[in-house]
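We name chains A, B, ... by the order of the sequence lines, and we start the count at 1 in each one. Atom set for the values below is all heavy atoms of this structure, side chains included, hydrogens, waters and symmetry mates excluded.
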Amino acid sequence: MCDANARHNGKSFEEWQKEWTVEDRYNFRTIEGKWQKIWEDEKVYHVDIDKNKEKFYVLVEFPYPSGAGLHVGHPRSYTALDVVARKKRMQGYNVLYPMGFDAFGLPAENYAIKTGVHPAVSTKANIANFTRQLKSLGFSFDWDRCVTTCDPDYYKWTQWMFIQFWKHGLAYKDKMAINWCPSCKVGLANEEVVNGHCERCGAEVVRRDKEQWMLAITKYADRLIDDIETVDFIDRVKSTQVNWIGRSEGAELEFELTDNNGNNLGKTMVVYTTRPDTTFGVTYCVMAPEHQFVQELMNKFENASEVQGYVEATAKKSELQRTADTTKTGVELKGIKARNPYNGKLIPVFISDYVLTGYGTGAIMAVPAHDQRDYDFAKVFNLPIIQVLEGGDISEKAWEEDGSHINSEFLNGMNKEDGMRAAIDYAVKNGFGHAKVNFKLRDWVFSRQRYWGEPIPMVYCEHCGWQPIPEDQLPLTLPDVPDYRPNDNGDSPLANATEWVNTTCPKCGGHAKRETDVMPNWAGSSWYFLRYCDPHNSKEFASKEALEYWMNVDWYNGGMEHTTLHLLYSRFWHKFLYDCGYVPTKEPYNRRTSHGMILASDGEKMSKSRGNVVNPDDIVNNYGADTFRLYEMFIGPFDQVAMWSEESLMGVYRFVGKIYGLFKKVGKIEPKEADLRAMHKCILEVTERIDGMRFNTAVSSLMTYVNYLAGMDTIPQVMYETLMKLLSPFAPHLSEEMWARMGKDTLVLNEPWPQGDAKMAEDNVVTLAVQICGKMRGTIEMPKDAPQADVEQKALALENVARQLEGRQVKKIIVVPNRIVNIVA
RNA sequence: GCGGGCGUGGUGAAACUGGUAGACACGUCAGACUUAGGAUCUGAUGGCGCAAGUCAUGGGGGUUCAAGUCCCUUCGCCCGCACCA
């Protein structure tokens with residue numbers, strides 16, 4: 001397989017050097033193409049299980065293959081982790097660095113609506129283009145493991161997993177008000193709604209009652225929070241997820257509903273509160289307008305038509321209107337009261353849209369003295385405000401800080417902690433309440449009324465209800481339809497495929513209809529990292545052996561925007577598979593990092609409409625892949641936003657040319673001590689900075705080292721070889737070429753990573769700063785670890801120092817070995 | 001409101017546990033080579049000052065021999081969530 005001639009063009013080191021002329025410029029076009037072909041022909045990035053080697057699983061989020069092709073943002077993440085993968089390989093690890101395509105989704109479908117081209121056809125073309133682009137950048141992906149989520153061999157297992165969810169009661173169909181995007185004509189998950197707008201198209205979402213398949217992610221809420229402490233995710237990812245899941249601890253308390261005279265109406269309203277200890281400050285209760293009791297008790301209300309009017313008005317409001325306007329409105333339910341179980345007092349009951357259905361119990365006890373929302377409401381309706389926590393002034397606003405309890409009978413004098421415990425104990429003892437943990441997280445709305453997604457493998461039989469398709473009949477493939485358009489009544493385009501829809505019940509054999517909604521585009525990406533471990537397995541989604549060897553992902557990098565979408569969903573999915581015994585680990589990812597976005601040179605987001613998009617193809621054509629890769633690493637701190645600048649890119653381009661040019665100065669001589677120092681310093685810095693995700697300064701280290709080499713008349717060969725090794729993760733083509741030109745028969749990417757020696761990197765002569773009272777007055781050169789007395793003497797002897805000290809008394813001299821001398825006078 | 005982050009030259013940014021602020025680049029200026037260039041190479045480059053110096057890490061205060069780094073306070077910016085009881 002190895003054709004040495006192809007590598008160094010049949011020329012020796014000496015011949016290459018002899019041929020060199022001043023005009024010789026680095027011809028990246030032919031050289032990069034040459035190496036990409038060699039790598040592909042020799043399958044150098046192919047990886048198999050090797051139990052003699054420690055594995056390292058590096059993962060980047062796979063792209064959606066859009067028609068626009070690769071964006072300069074994609075390679076930032078891919079290059080960074082390619083650097084990591086390449087370095088880990090050189091360090092002797094068996095590295096899995098796979099790539100695939102998250103290929104189901106709306107753009108392909110919208111394109112089909114516009115042009116009639118089947119999504120499968122356009123997706124295939126887009127994947128081919130993406131693959132070409134990715135290969136042109138020299139990433140070390142094992143392309144044999146490429147997975148595509150819209151491939152039936154892949155989504156067979158996505159469907160199989162859905163059936164497992166169903167079997168375990170975690171997939172269920174429910175009719176509920178969901179977020180509906182009128183523009184995409186599709187229902188959305190909570191996570192896909194951003195400030196009341198559709199995450200994808202920006203249209204304002206509306207509430208709509210729909211039957212939906214749901215996945216019970218809330219059953220995992222606790223573990224999704226708790227287990228995040230066991231993994232190494234950057235803090236902002238952790239806190240965003242914890243925040244989103246939104247755990248709060250409190251109590252559910254039962255308030256008996258009565259008529260105006262205190263006669264029991266036979267209904268007990270359960271409220272959720274995080275502050276049961278403030279119960280003596282409750283002056284009214286509020287139910288969400290959607291609360292079932294509102295309709296059930298309608299005939300008891302003296303103002304039933306007013307109540308009904310408010311309920312209907314609320315239903316018409318969009319989520320956005322309902323949350324944007326915080327002015328309190330509501331209607332008292334006249335004719336009924338609620339009894340505070342702690343003191344027996346009868347208090348009025350309202351409905352108001354500031355109480356949300358779907359969180360807690362959809363009913364609250366209001367403590368206006370200590371909750372600003374309740375306070376605002378109480379002011380509008382002239383309700384009493386009773387202070388039960390000491391410390392604040394409640395004449396203008398609620399007092400939401402802590403304070404010891406007052407006006408609270410048995411709770412008086414207690415602090416928050418004791419009060420909470422006492423209040424809950426009392427409720428438990430008297431049988432009207434208990435402690436309760438609630439989450440903001442909602443179950444995952446899993447149905448999409450569109451075409452280009454995984455069919456949900458369920459059929460509905462009038463006798464047997466919902467039944468899964470037998471697993472040996474998977475995959476349930478997506479049928480062809482003549483018309484991809486979604487419609488306003490919320491049916492999927494699949495609903496028109498009558499022949500496909502009508503089927504038989506797998507249980508009773510009678511007539512049944514298939515589910516016509518498809519899965520959301522987050523389905524396939526929820527487990528793709530497992531498939532990479534064993535991508536061609538037709539018996540299982542991945543073998544136990546493969547999963548046990550490769551999992552977990554050791555380093556996963558992806559966008560912040562997926563923190564509460566893909567990242568959360570896939571953790572949930574993985575935990576479910578773990579509970580079923582299908583995967584060996586509780587969490588899928590050991591380390592999660594996130595790259596910053598790359599903005600256009602005008603500081604704006606790159607977008608087609610602004611016309612400021614940079615196409616990676618142009619950069620590769622004009623400057624080469626290595627320059628592009630190095631620049632993306634050098635552009636700035638990896639986790640922060642960066643601005644694209646072609647001028648800065650030129651600096652890196654010069655750097656690449658400089659390295660190429662140094663070749664002619666390489667000679668077979670031995671390095672001196674100072675040379676070794678520079679070399680080991682560079683090795684140590686680059687190694688440490690790659691691990692620490694500080695790619696920008698890793699490139700700086702290489703530049704400093706190259707500047708050092710440039711200053712030499714003859715470069716010792718070992719120093720140039722070391723440069724090629726350190727450079728190869730960043731600029732694999734250039735380093736491979738120069739490696740070959742030095743007459744090597746090996747590939748530099750297979751070379752062992754250089755070992756830095758901290759001792760050799762240390763200077764034996766150090767420069768110390770001399771300060772007087774903390775102000776810099778000069779520097780002195782001393783042998784390393786010189787005796788303190790010598791250092792002091794030399795510092796005091798400085799002309800500058802002597803002048804400054806004239807007429808002053810030296811009080812003390814502080815010497816920090818090898819760093820600084822500070823003379824206090 | 002809650003949570004997370006940030007503020008350093010003309011620009012992108014360095015600075016590990018407090019220890020020579022501005023590494024490495026871009027840009028700019030000067031020079032060299034070219035008939036010419038936005039190509040290449042060399043040098044200079046935080047501000048003020050001829051200089052000795054002095055002022056500089058958003059502002060103010062503090063701890064310390066020493067603060068970009070630690071503490072308090074204040075201003076400004078970005079991101080996420082948000083009527084979640």
> What string of B, S and - do you get for nucleotides 8-20 of chain B 5' to 3' if you count protein non-hydrogen atoms under 4.0 Å?
Replying inline: ----BSS-B--BB

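Residues A:Y623 and A:Y631 are not in side-chain contact: their nearest non-hydrogen atoms beyond the backbone lie 4.5 Å or more apart.
Within the 4.0 Å cut-off from OP1 or OP2 of B:A66, not a single side-chain nitrogen or oxygen of A:R777 is found. An OP1 or OP2 oxygen of B:A85 is reached within less than 4.0 angstrom by no side-chain nitrogen or oxygen of A:Y354.
The A:T704 side chain lies nearest to B:C24 when the options are B:C24, B:C83, B:G53. Distance from the side chain of A:N707 is smallest for B:C24 among the nucleotides B:C24, B:A85, B:G53. Checking B:U40, B:G4, B:G53 against every side-chain atom of A:R654, the shortest atom distance belongs to B:U40.
Taking the salt bridge (Lys or Arg N to Asp or Glu O under 4.0 Å) definition, one finds that A:E199 meets it with nothing, sequence neighbours left out. Shown here are the side-chain hydrogen bond (donor to acceptor under 3.5 Å, both in side chains) partners of A:D443, two or more places apart in sequence or in another chain: A:Y172, A:T218.
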Would you tabulate the nitrogen or oxygen pairs shorter than 3.5 Å linking the protein to nucleotides 78-81 of chain B?
from	atom 1	to	atom 2	distance (Å)
B:G80	N2	A:N243	ND2	3.4

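Pair assignment for B:G19 gives B:C65, based on Watson-Crick or G-U wobble hydrogen-bonding distances that are each under 3.5 Å. When both distances must be under 3.5 Å, the Watson-Crick or G-U wobble mate of B:A36 does not exist. With a cut-off of 3.5 Å on both Watson-Crick or G-U wobble distances, the partner of B:G43 is given as B:C29.
Partner A:Y284 forms a ring-ring contact (aromatic ring centres under 6.0 Å, His included) with one of A:F381, A:F377, A:F255 and no other, that one being A:F377.
Taking all atoms of both residues into account, the shortest heavy-atom contact from A:L726 to A:C682 is CD1-SG, 3.7 Å.
Of the residues in residues 677-687 of chain A, none lies under 4.0 Å from RNA chain B by heavy-atom distance.
For B:G7 and B:U69, the P atoms lie 11 Å apart once the distance is rounded to whole Å.
Under the salt bridge (charged side-chain N to carboxylate O under 4.0 Å, His left out) criterion, the residue pairs touching residues 277-289 of chain A are A:R275-A:D277, with sequence neighbours excluded.
Ionic pairing of A:D763 and A:K681 is not present here: no N-O contact between side-chain nitrogen and carboxylate oxygen is shorter than 4.0 angstrom.
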